Amino acid sequence: MALKMVKGSIDRMFDKNLQDLVRGIRNHKEDEAKYISQCIDEIKQELKQDNIAVKANAVCKLTYLQMLGYDISWAAFNIIEVMSASKFTFKRIGYLAASQCFHEGTDVIMLTTNQIRKDLSSPNQYDTGVALTGLSCFVTPDLARDLANDIMTLMSHTKPYIRKKAVLIMYKVFLKYPESLRPAFPRLKEKLEDPDPGVQSAAVNVICELARRNPKNYLSLAPLFFKLMTSSTNNWVLIKIIKLASILHFVYRIRFGALTPLEPRLGKKLIEPLTNLIHSTSAMSLLYECVNTVIAVLISLSSGMPNHSASIQLCVQKLRILIEDSDQNLKYLGLLAMSKILKTHPKSVQSHKDLILQCLDDKDESIRLRALDLLYGMVSKKNLMEIVKKLMIHVDKAEGTTYRDELLTKIIDICSQSNYQYITNFEWYISILVELTRLEGTRHGHLIAAQMLDVAIRVKAIRKFAVSQMAMLLDNAHLIASNTQRNGICEVLYAAAWICGEFSEHLEEANQTLEAMLRPKVTTLPGHIQAVYVQNMVKLYASILQQKEQAGEKEAAQEITQLMIERLPQFVQSADLEVQERASCILQLIKYIQKLQVKEVPVAEEVIALFAGELNPVAPKAQKKVPVPEGLDLDAWINEPPSDSESEDEKPKTIFHEEEQRHSRHRQPEIDEEELARRREARKQEQANNPFYIKSSPSPQKRYQDTPGVEHIPVVQIDLSVPLKVPGMPMSDQYVKLEEERRHKQKLEKDKKKKKQKKEKRGKHHRHNSLHTESEEDIAPAHHVDIITEEMPENALPSDEDDKDPNDPYKALDIDLDKPLADSEKLPVQRHRNVETLKSPDSEVPLVEKKSKKPKKKEKKHKDKERDKGKKKEKEKKVVEEEEEEEKKGEDLDFWLSTAPPTAPTPQPQKSSKHKKKKHKKEKEEKSKDKKKSKKKSHHSEEEPPESVQNGTLEDEPLPPMSSYRLLAENPYIKMTYDIQGNLQNDSQVTVSVIFENKSTSFLKSMELNVLDSLNTKMLRPEGSSVHDGIPVPFQLPPGISNEAQFVFTLQSIVMAQKLKGTLSFIVKNDEGSTHEKLDFKLHFSCASYLITTPCYSDAFAKLLESGDLHMSSIKVDGISISFQHLLAKICFHHHFSVVERVDSCASMYSRSIQGHHVCLLVKKGENSVSIDGKCNDSTLLSNLLDEMKETLSKC
Amino acid sequence: MIKAILIFNNHGKPRLSKFYQRYSEDTQQQIIRETFHLVSKRDENVCNFLEGGLLIGGSDNKLIYRHYATLYFVFCVDSSESELGILDLIQVFVETLDKCFENVCELDLIFHVDKVHNILAEMVMGGMVLETNMNEIVTQIDAQNKLEKSEAGLAGAPARAVSAVKNMNLPEIPRNINIGDISIKVPNLPTFK
């Protein structure tokens, strides 16, 4: 054996190691691939050997080959073998290979779970470290779930080296297994204050990543981060915190609105340490981030601080210095920061237009791109043309398609932003688009095409001009489509053909355009463009036909039909299915028309009817927003579901190009001719009244004659200067000139008017300098631009969530972290499955546990399901709690922000208490609603938000913390508090939630709770157990830990309060041994616990009172000193009522019992007393309730 | 988050590739090629930030790179990372390599890519910065090397000897192609300490 080993190690010496492999590859430059495949064969041999060292060597070589692009996933199993080697040297090789090539799809990855767990708990810190590092690269949801608990333990490892790695990897675990976030978060928070700076930095890193995605959940950490910001010396940590600060601040502002008085305080609080840092730090990176955050803060302080614009100006000035710096990095970052200011203060950046335009000439592409970004926000009606002109020059000069494409998209972005807000002259824009078609080799032909279509459809006034331009494009199609294969620009022909066809009534020389579309060259275009050609040439044909028929030129009409019949066959032969189908269909149609024409039947009207109807733009989200009609179940089968074999054959296949599907026309089929004629007439009228249309007309004078009054319009003389028919000639410049002239004229006119006005009002000394500072509002668009808004379906559902990607992995991490943990939220711990015999009364738990005994696969499935459920629940909760949370956080931050010591008891601000009340109400409602499903939830009725304690500034909490949890029993070992909630779904059940708190230093286990049932009230025990059996508490309690369990009771009558005697038995285990202990208690079911907070509208309430079948009773309590809001809040909270209406110091309230009794209250507050009148179906219940209320109130 | 870390030479030959997001091997090679293409055509005195890598995720991402003699060190990061901070991190990385390899040159990276990976693993983990303090990194690396040596024990000695012999057979390996002046720093940019 020993001999074998020695032999093995000697053999090994002559194996190829990594260095040999690299050397070999370098020596085989000519036949590298061949050499490597040889090496891979050798490696395969080596992997077959038993010697782990040989295997490790082979895997090491594979890792190198992976870098060169070779797939090594076939060796995944061998990699796992090497990972499980006992020696660190090999283990490291294995984990490195795994981290390079394992991913979620690697099937053997689940085999690693136990190995990784073993390594994580290895006594050698480097084994643990290497496992953590590897895992961080290939963690899967399964691994995350199974190992979360182990990693969490490592977060408190003695060695900081392990701690920091464990903390960092938690982020990956959260991503893959979001349920782990809440249980792990407290410890993560703890690590923010770890003594080791590395661990601290890791924790900051993780929280920053988390907060970046869902910042609102991390607002409560602001005080802690603030502390770190002032105390930390690690630049890396500081940068991260400062970045986070600006995010949090931003979110804070959005959440609480700019009106909150808190806000400037937060800003000031941030700015002070930041400016200190700016002064003290020597690291440019930190300095830059500080400046950045100061900007962010200043931006958000837009209200309430009078001098903020000066500060912004100052920042802009500083950034200007950065931008002017010779260091390109600073220049780049300066521009980057500038773009942040731009979003809110465009004016202050606009004054640096010169500098930014100058950056467009920079040799550095990154800087040019940044400058381009800035331009986007700097355009106004006034300077748009100028800026675009400059960009067009750059387009011509630009080398490299990427930058040129970027320029192109930017031009389009700039022009089309906010619904073409800045475009005053659409003719100019169309000509810019046409000019852009001269770009060769751009990938963005479709973008230009989309713009052309959009403008032509939505700006009615421009259609005529657009059509003339498009006709020109079609005429010169050979220039554009010269090398179709690589040329994305030919996409514009798609738009051109469509526009010419659709708006063919505007076409001057339809014949010529039709001719152009029928050229043989067209057949070389891509299929989807040809298809559009074919379809639109029929539209053209139809309009020509009508024209000719109306003019009585029968021969010309026949000629055009003949032309179509001659040329269409070239499309019928097309290889593209869509083209072929359309062409042959249309060919037959036209042949038929020809027959009719021969018989001298007028056909034009019928042909044109094929394409009748207005086309309206439809909003891209319109389809999604159509509300589903009631009673329509889209998932239900309409017919019997087909059998499997059938469905296979019938699977629809996408044969046609997507583009064609997209452009299927939405038509209103029933529009009679009259209506059409009327519309057409109206449109003509509209266009005739617009002088800008005249330019493209070959005989403008004619038109003038039949439109009286147009002659006065001064623009007429210009139209000679626009050579529209010259292909390839840049025209946009002329439009710029025209536009300038036009504006000048406008200005002059305005000035004239103003002068007149001034003359009239002589007394005014103030003079407008309007000649030089023309504000952009003054610029009127060249013609009446009627941008049609996109159509939405009727009763479209408004929603903001349109843009959210449902597959966003970070969405799952949007979890509220401030709620206390519930016991169901523990991380799964690996343990033996023998303890699960108990049956909890809770409806869900036994189900889960029963399943968990089944084979592993099923368990997994179920867990997944459970996870989904959890997510759903989480979401539901979220909706209801959103507001509530907001309040809570606001208050917390308020404590932290109030630097002054808390003043003497201030009178309750009305608003906040009202909110609070709402909160209670909501909480209750929700509780009763969700009771059945959610075990986790019951916990949060515990009022004290944990973080307010941590802040240590509880003093001015607006309402005293109210907890519905009452003490049940207590001894030196354990304390029990409980709360009772009615169950809406079951009229004879209530749920008792008991919190067990271990007060001792010993371990408490085998807890069992039993009560003595009364005739009326019984504890719900698992089937088969006798009435004397207790119910085991489904957990054990380590020292100092508390946890909650729920028990269900059934009741007959609910009109009276009840008391049940009970006992808790448990075993106390400590170093000295274990003792059996008992604790007796009395469970008090008050009448209020049978009530469920139910909202009621005042009209329903009034009806209820009028109905007359309610019994009445009243009480009066003296010596009440608390405020009325406070009082109402108490009744709402402790007695489960909701306020229906409130007038001054009088309020009506409502609640409902689980058995459907209505309870109405009228609460009046006098000087020192409160009187409550109550009405209820049951007089006993009412009097009992009022007695309870009296007791509550007398405590105040 | 750091999305990827790439090291390649002036000819685009990869010397290290570490992706913190899953890409297929082909895509990885494409990314390396594309990145090289983007970075290599840039002048020496332009800024070290670059946008517009098409393959490696969206508009949020940025390439931050440094060029030392024959090698490009490229980090692809998203907006949660500080640009200047990452530049400093690259500097720390190179200085650490210099310390661990004693005057690092491209050949060290070529023949010991596994070691480079190990060093990197002490700095960046799963795309997040783990440690920025060079001394701490070097300490951990040394400790691991010691552990490795102790594991190799006697059996390691002959292997090392053979390896030395093999190296002797190739006298053409130039040892003095230094990675260049690693002290070129971006002006105004003191490193993290």
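Every chain is numbered from 1 and lettered A, B, ... according to where its sequence line falls, protein lines coming before strand lines. Just the heavy atoms: all of them, side chains too, but no hydrogens, waters or symmetry mates, feed the values below. This is a predicted model, so every value here is computed, not measured.
Using a 4.5 Å cut-off between heavy atoms, A:Ile93 makes no contact with chain B at all. Contact of A:Asp362 with chain B is not made at all, since no heavy-atom distance falls under 4.5 Å. When heavy atoms are compared at a cutoff of 4.5 Å, A:Leu21 does not approach chain B at all. The contact between B:Glu122 and chain A is made entirely by side chain atoms (from C-beta outward), counting heavy-atom distances below 4.5 Å. Contact of B:Asp43 with chain A is made through the side chain alone, with heavy-atom distances under 4.5 Å. In this structure, chain B has heavy atoms under 4.5 Å from both the backbone and the side chain of A:Thr133. Neither the backbone nor the side chain of B:Ser24 comes within less than 4.5 Å of any heavy atom of chain A. Within the 4.5 angstrom heavy-atom criterion, only side-chain atoms of B:Gln28, from C-beta onward, approach chain A.
Between atom CG of residue A:Leu333 and atom CG of residue B:Leu84 there is a gap of 5.0 Å, rounded to the nearest 0.5 Å. Note that CZ of B:Phe19 is 14.0 Å distant from SG of A:Cys101, once rounded to the nearest 0.5 Å. Rounding to the nearest 0.5 Å places NZ of A:Lys165 at 6.0 Å from CG of B:Leu130. Here the straight-line distance linking atom CZ of B:Arg22 with atom CZ of A:Phe102 works out to 11.0 Å at 0.5 Å rounding. Summarising the geometry, atom CG belonging to A:Leu168 is positioned 4.0 Å from atom CE belonging to B:Met128; distances are rounded to the nearest 0.5 Å. Atom-to-atom distance recorded for A:Cys137:SG and B:Gln21:CD is 12.0 Å, nearest 0.5 angstrom.
B:Glu151 and A:Phe88 get closest at one heavy-atom pair: OE2-N, 2.6 Å. Taking both residues in full, the closest heavy atoms of A:Val22 and B:Ile110 are given as CG1-CG2, 3.3 Å, listed atom of the first, atom of the second, then distance. Across all non-hydrogen atoms, the minimal contact from A:Leu18 to B:Asp114 is CD2-OD1, 3.7 Å. When all heavy atoms of A:Ser136 and B:Gly126 are compared, the pair lying nearest together is OG-N, 3.3 Å.
Note: A:Leu68 leads A:Thr63, A:Ile367, A:Asn205, A:Leu68 in heavy-atom pairs under 4.5 Å with chain B. The residue among A:Lys363, A:Gln66, A:Lys172, A:Arg92 with the most heavy atom pairs within less than 4.5 Å of chain B is A:Arg92. When B:Lys41, B:Lys13, B:Glu131, B:Lys18 are compared by the number of non-hydrogen pairs under 4.5 Å with chain A, B:Lys18 comes out ahead. The residue among A:Glu406, A:Gln328, A:Arg370 with the most heavy atom pairs within less than 4.5 Å of chain B is A:Gln328. Between chain B and the options A:Val139, A:Leu336, A:Val130, heavy-atom pairs under 4.5 Å are most frequent for A:Leu336. Per-residue counts of heavy-atom pairs under 4.5 Å with chain A were compared for B:Asn118, B:Val124, B:Val113; the largest is that of B:Asn118. Most heavy-atom pairs under 4.5 Å with chain B: of the set A:Gln125, A:Glu104, A:Arg26, A:Lys331, this distinction falls to A:Arg26.
Considering B:Glu148, B:Gln144, B:Lys149 as possible partners of A:Thr89, the one that fulfils the side-chain contact (heavy atoms from CB on, under 4.5 Å) test is B:Glu148.
A donor-acceptor pair under 3.5 Å links the side-chain atoms of A:Gln19 to the main chain of B:Phe111, judged by distance alone. A:Asp364 contributes a side-chain N or O that, together with a main-chain N or O of B:Cys47, makes up a donor-acceptor pair within less than 3.5 Å. Proximity of a side-chain donor or acceptor of A:Glu209 to a complementary backbone N or O of B:Met1 within less than 3.5 Å is detected. A donor-acceptor pair under 3.5 Å is absent between the side-chain atoms of B:Glu25 and the main chain of A:Met67, judged by distance alone. Although no hydrogens or angles enter the test, the distance criterion places no donor-acceptor pair under 3.5 Å between the side chain of B:Gln140 and the main chain of A:Tyr126.
Side-chain atoms of B:Glu136 and A:Tyr161 form no donor-acceptor pair, as typed in the model, at a separation below 3.5 Å.
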Worked verdict on A:Ile169 versus B:Met125 for side chain to side chain contact (heavy atoms under 4.5 Å, CB included): CA-CA 8 Å; A:Ile169 202 179; B:Met125 189 174 128; 3.6 Å; yes

